[in-house]
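Below, read A as the first sequence line, B as the second, and so on, with proteins coming before strands; counting in each chain starts at 1.
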Amino acid sequence: GAGVSQSPRYKVAKRGQDVALRCDPISGHVSLFWYQQALGQGPEFLTYFQNEAQLDKSGLPSDRFFAERPEGSVSTLKIQRTQQEDSAVYLCASSLDRQGETQYFGPGTRLLVL
Amino acid sequence: GNSVTQMEGPVTLSEEAFLTINCTYTATGYPSLFWYVQYPGEGLQLLLKATKADDKGSNKGFEATYRKETTSFHLEKGSVQVSDSAVYFCALSGATNKLIFGTGTLLAVQP
């Protein structure tokens, strides 16, 4: 079946611009996660949804970052007034809602802020 | 808090050599442990996992055993191939299910 998809795959933004990144999880997956991966580093957790409920947003680096999943499927990560330090790959993952369940990752969106 | 420490790379090996990539963790409770792999130009893929102490995860000739006494989950393969060249990430999943990753280890296998 279809895996996790993300769009756009690449995004170049000017500093101060707002961006929106989309994630389509695997159908039927209850849990959805966003991670940020800086160059040469491991992914770092941003936020977690269970269905439409955002249960953990402790990893969002500032109030410029906002995520939503209004109908419990597609999710959007929005970054307002982008800064150069926001340049990274943004990964989305989904899983069935069970302890220790495998997370399946999308290909990521590579964001470059100039 | 929870954390993962894995050996720094790059690791450079000749084809058919034995591979070990060390991973240790700090966690409260009983986390699940994972190895993910990122091939050049591709996304993160699950390689193997173990959900409780003494479990052994295995896939594609790779193995890792969940050792609670040493808080380790070292990745091993008996004979690496050029196609194994990739970045390998150790990770743990705690009560909140979010993954905490190590910094990654680049493996380069030369023919």
Transitive ILVMFWY side-chain link [X] to [Y], under 4.5 Å:
X: B:L46; Y: B:W35; answer: no
X: A:F45; Y: A:I79; answer: no
X: A:L77; Y: A:Y104; answer: no
X: A:L60; Y: A:L32; answer: yes
X: B:V87; Y: B:F101; answer: yes

Counting heavy-atom pairs under 4.5 Å to chain B, which of A:G40, A:P43, A:A93 comes out on top?
A:P43

Heavy-atom count around [X] [atom1] within 6.0 Å, excluding the residue itself: above 12?
X: A:Q50; atom1: CD; value: yes
X: A:E71; atom1: CD; value: no
X: A:L39; atom1: CG; value: no
X: A:R64; atom1: CZ; value: yes

Using heavy atoms and a sub-4.5 Å threshold, report which of residues 102-111 of chain B line up against chain A, by residue number.
B:G102, B:T103

Toward chain A, the part of B:Q38 with a non-hydrogen atom under 4.5 Å:
side chain

Could you check whether any side-chain heavy atom of A:Q37 comes within less than 4.5 Å of a side-chain heavy atom of B:F89, counting everything from C-beta outward?
yes

Distance in Å, [X] [atom1] paired with [Y] [atom2], rounded so as to fall on 0.5 Å steps:
X: B:L99; Y: A:L91; atom1: CG; atom2: CG; answer: 11.0 Å
X: A:Q103; Y: B:L44; atom1: CD; atom2: CG; answer: 10.5 Å
X: A:T102; Y: B:Q45; atom1: OG1; atom2: CD; answer: 12.5 Å

Heavy-atom pairs under 4.5 Å with chain A: which of B:E42, B:Q6, B:K98 has the most?
B:K98

